[in-house]
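What you see is a predicted model; the values in this text were computed from it and never measured. Residue numbering restarts at 1 for every chain, and letters A, B, ... go by the order of the sequence lines.
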Amino acid sequence: MASEKGVTPRSEDYSRWYTDVVQMARLADYAPVRGCMIILPYGYELWEAVRSGLDRRFKETGHQNAYFPLFIPESFLKKEAEHVEGFSPELAVVTIGGGKELEEPLIVRPTSETIIGWAYAKWIQSYRDLPVLINQWANVVRWEMRTRLFLRTMEFLWQEGHTAHATYEEAEEETRRILDLYADFAVNDAAIPVIKGRKSNQEKFAGALHSYAIEAMMGDKRALQAGTSHNLGQNFAKAFNIQYLDVNNELQYCWTTSWGVSTRMIGAIVMVHGDDKGLRLPPRMAPIQVVIVPIYRQDAEIEPVMETVRRLQAILKDAGIRVHVDDRDDQTPGFKFNDWEMRGVPVRLEVGPRDVQQGTVALARRDVPGKAGKQFVPQAGLVETIRALLEDIQANMLRQATEFRDSNLFEVAGDYGRFGEIVESGGWALTWFCGDRACEEKIKEDHQLVSRCFPLDQPHPGEHGPCIVCGEQATAMAYFARAY
RNA sequence: CGGGGCGUAGCGCAGUUUGGUUAGCGCGCACGGUUUGGGACCGUGAGGUCCCCGGUUCAAAUCCGGGCGCCCCGACCA
């Protein structure tokens, strides 16, 4: 970890900064097993905020939670050709149980399409059983070569939705509905601007007809896929015999979808909003929205100060604001200011003897550094003041992130040299792209990066343009950028 | 899986080149006191299989051989 005081400045070394922030803000710690992490209480509270934000939206759109087993029979994975090809390099396999070699090895789930497909085949008989709209909150394991706290760990937490529908149209509608839901969560709760788009065939989920994703720009301009939604077509339905009888008493294969957001979202929040001093949490996600730091010089001042602190704490808590009183008596106020700034708390409230006398408090906002972000306000009407301040911080953080992102998006047509300049300087290039494997490979060879997505919101809808690589007429533009 | 770096107290490191007292520093921790509106100070104290195994030597944190682990950068991925 970095220096004795604070994290490595973000501007100095981005990846070290990230590692420092995650550890020093006590979001996560390294585990004794390579590539695994311990999610600490403060980090887990953030995850709970992600979970409740998404879960509420899932329920509102008619989904229910369920839980499927961790272990999947090896043969299941093999039933969908693309799927097994995509995942086999990163599987953890259990071959011994109870001291005996297993007849059939068990896969520790890397994702649950197969075992859920098996269950759906059992459950679904008729069009009357459709749609099936199930989500599960679970851990999954993928044997990763290179890992990073939250961004890529061998075991991670996520939600995976799995739905089955009667028609392609319904499945596609579901896939898109979830993509919208993810974007809504990212933008409105996590204050992360995202680009909704379709993945190229090369980048789609192993076994999907096509995949959509929300792509976000991190503070170092690299892209991060923060959520994915897949239209699986009938691929898994055919592999697992998920069939139903339609109104005409004819047997049909279902159309299925799957979609997921993982603990990686926490990495995104850190990397999008953090600054040189550490974490900055959007108020809607912050486990602690307001931290109260009591200030006193002499023992005689403790009593009246703490009395005011407790009173304000109760008022804020009753108003539904997540408030914490830092009453540690072995740390100075100055230390606490820095500590909570590093941990990203949006608002700091100071109560000292002067405030007790004058009926005021000092309020400091995390998104505006130094004195500029500090103001003295009356205790009267504090709930309204803080509510407004939290809203303003939330909006400001989204605005800052959006401005930063937009200033690094560049459109380029038909000029491969210019395209190279953009992506090599870290920007995102939006360009006509035919989507062919050969063209994507060429870019990968030249610039060590692949397409992020074809944005759903196309800048020139209905028009054509020359693919940036082969020059053939392409019908859509895609983003290219270095990614995590 | 390639390239680089690192492994010495809870954390960050010095010491290793050139083997030699009782292995040291800062932070943190415990206790006492003074402090407290932007990272306090003084005093006392606790804390070590120097990553592991083997070898060389009168003597190894230090030299030699082998192994393990972690971090960073690339190839592959939520």
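The aromatic ring of A/Phe335 does not sit over the base of B/G38; the criterion of centres under 5.5 Å apart with planes under 30° is not met.
For the pair A/Arg343 and A/Tyr42, the cation-pi criterion (under 6.0 Å, within 45° of the ring axis) is fulfilled. A/Arg348 forms no cation-pi arrangement with A/Trp340, by the criterion of a distance under 6.0 Å to the ring centre and an angle within 45° of the ring axis. In this structure, A/Arg176 satisfies the cation-pi test against A/Tyr212, with its NZ or CZ atom closer than 6.0 Å to the six-membered ring centre and inside 45 degrees of the ring normal.
Taking the C1' atom of each, B/G54 and B/C70 are spaced 23 Å apart, rounded to whole Å. Atom P of B/A40 sits at a distance of 39 Å from the matching atom of B/U21, rounded to the whole Å. Atom name C1', nucleotides B/G15 and B/G3: the rounded distance is 29 Å, in whole Å. When the C1' atom is used for both B/U57 and B/G12, the distance is 34 Å, rounded to whole Å. Across B/C29 and B/U17, the matching C1' atoms stand 35 Å from one another, rounded to whole Å. A distance of about 13 Å separates the P atoms of B/G7 and B/C52, rounded to the whole Å. A gap of 11 Å separates the P atoms of B/G20 and B/A60, to the nearest Å. One C1' atom belongs to B/C53, the other to B/G69, and the distance between them is 15 Å to the nearest Å.
Whole-Å rounding puts the A/Gln298 CD to B/U36 P distance at 8 Å. The separation between A/Ile292 atom CD1 and B/G37 atom C1' is 16 Å, rounded to whole Å. Atom CG in A/Asp329 sits about 11 Å away from atom C1' in B/U36, given to the nearest Å. Straight-line distance from the NZ atom of A/Lys444 to the P atom of B/A75: 8 Å, rounded to whole Å. To the nearest angstrom, P of B/C72 lies 14 Å from CH2 of A/Trp17. Atom P of nucleotide B/G28 and atom CZ of A/Arg26 are separated by 14 Å, given to the nearest angstrom. Atom-to-atom, CD of A/Glu445 to P of B/C76 comes out at 11 Å; the value is rounded to the nearest Å. The distance from atom CH2 of A/Trp340 to atom C1' of B/G38 is 16 Å, rounded to the nearest whole Å.
Counting atom types as modelled, A/Glu341 pairs a side-chain N or O with a base atom of B/G38 as donor and acceptor under 3.5 Å. For A/Asp339 and B/G39, a side-chain-to-base donor-acceptor distance below 3.5 Å is absent, hydrogens and geometry of angles not being considered. Interface remark: the A/Arg146 side chain does not form any donor-acceptor pair with the B/G2 base, using a distance-only criterion of under 3.5 Å.
Base-pair partner of B/A61: not found among the strands shown (Watson-Crick or G-U wobble, both distances under 3.5 Å). Nucleotide B/A14 forms a pair with no other nucleotide shown, judged by Watson-Crick or G-U wobble geometry with both contacts under 3.5 Å. Under the Watson-Crick or G-U wobble criterion, with both distances below 3.5 Å, B/U21 is left unpaired in every strand shown. In a base pair of the Watson-Crick type (N1 to N3 plus N6-O4 or O6-N4) or a G-U wobble (N1-O2 and O6-N3), with each distance short of 3.5 Å, B/G38 is matched with no nucleotide. With a cut-off of 3.5 Å on both Watson-Crick or G-U wobble distances, the partner of B/C68 is given as B/G7. Using N1 to N3 plus N6-O4 or O6-N4 for Watson-Crick, or N1-O2 and O6-N3 for G-U wobble, each under 3.5 Å, B/A78 pairs with nothing. Using the Watson-Crick or G-U wobble rule with both distances under 3.5 Å, B/U44 pairs with B/A30. Look at B/G2: its Watson-Crick or wobble partner, with both distances under 3.5 angstrom, is B/C73.
Residue A/Gln313 is tested with A/Leu349, A/Val325, A/Val351 for a side-chain contact (heavy atoms from CB on, under 4.5 Å); the sole match is A/Val325.
Note on A/Thr228: every side-chain N or O is 4.0 Å or more away from OP1 and OP2 of B/A78. Between B/C73 and A/Ser15, a contact under 4.0 Å exists linking OP1 or OP2 to a side-chain N or O. The phosphate of B/C72 (OP1 or OP2) has a side-chain N or O of A/Thr19 nearer than 4.0 angstrom. For B/C72, one of the phosphate oxygens OP1 or OP2 lies less than 4.0 angstrom from a side-chain nitrogen or oxygen of A/Arg148.
At the heavy-atom level, A/Tyr30 lies under 4.0 Å from the strands shown only through sugar-phosphate atoms. Within 4.0 Å of A/Phe376, counting heavy atoms only, lies at least one base atom of the nucleic acid. No engagement by A/Leu224 is indicated, since no non-hydrogen atom pair under 4.0 Å with the nucleic acid exists. Among the heavy atoms of the strands, none lies under 4.0 Å from A/Ser258. Residue contacts shown for A/Gln225 are limited to sugar-phosphate atoms, with no base heavy atom under 4.0 Å away. Residue contacts shown for A/Gly352 include a base, since a base heavy atom lies under 4.0 Å away. The residue A/Pro353 sits close to a base: some heavy atom pair falls under 4.0 Å.
Residue A/Ala362 is the one, among A/Ala362 and A/Met154, whose nearest nucleotide of RNA chain B lies closer to the 5' end (criterion: closest heavy atom). Comparing A/Lys277 and A/Glu203 by the nucleotide of RNA chain B that holds the closest heavy atom to each, the one mapping nearer the 5' end is A/Lys277.
When distances run from any side-chain atom of A/Asp355 to the nucleotides B/G37, B/G38, B/U36, the shortest one goes to B/G37. Taking only side-chain atoms of A/Gln448, from C-beta outward, the nucleotide of B/A78, B/A75, B/G37 with the closest atom is B/A75. Counting only heavy atoms from C-beta on, A/Phe156 has its side chain closest to B/A78 among B/A78, B/C29, B/U36. With B/C1, B/A78, B/C72 as the choices, the nucleotide that has an atom nearest any side-chain atom of A/Met145 turns out to be B/C1.
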Residues A/His210, A/Phe205; criterion ring-ring contact (aromatic ring centres under 6.0 Å, His included); working and verdict: CA-CA 7 Å; A/His210 53 257; A/Phe205 176 74; over 10 Å; no
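For A/Phe185 and A/Tyr182, the gap between ring centers reaches or exceeds 6.0 Å. For A/Phe58 and A/Trp259, the gap between ring centers is short of 6.0 Å.
Using a 4.5 Å heavy-atom cutoff, the side chains of A/His162 and A/Ile134 are not in contact.
A/Asp339 and A/Arg328 are joined by a salt bridge, as a carboxylate oxygen and a charged side-chain nitrogen come within less than 4.0 angstrom of each other.
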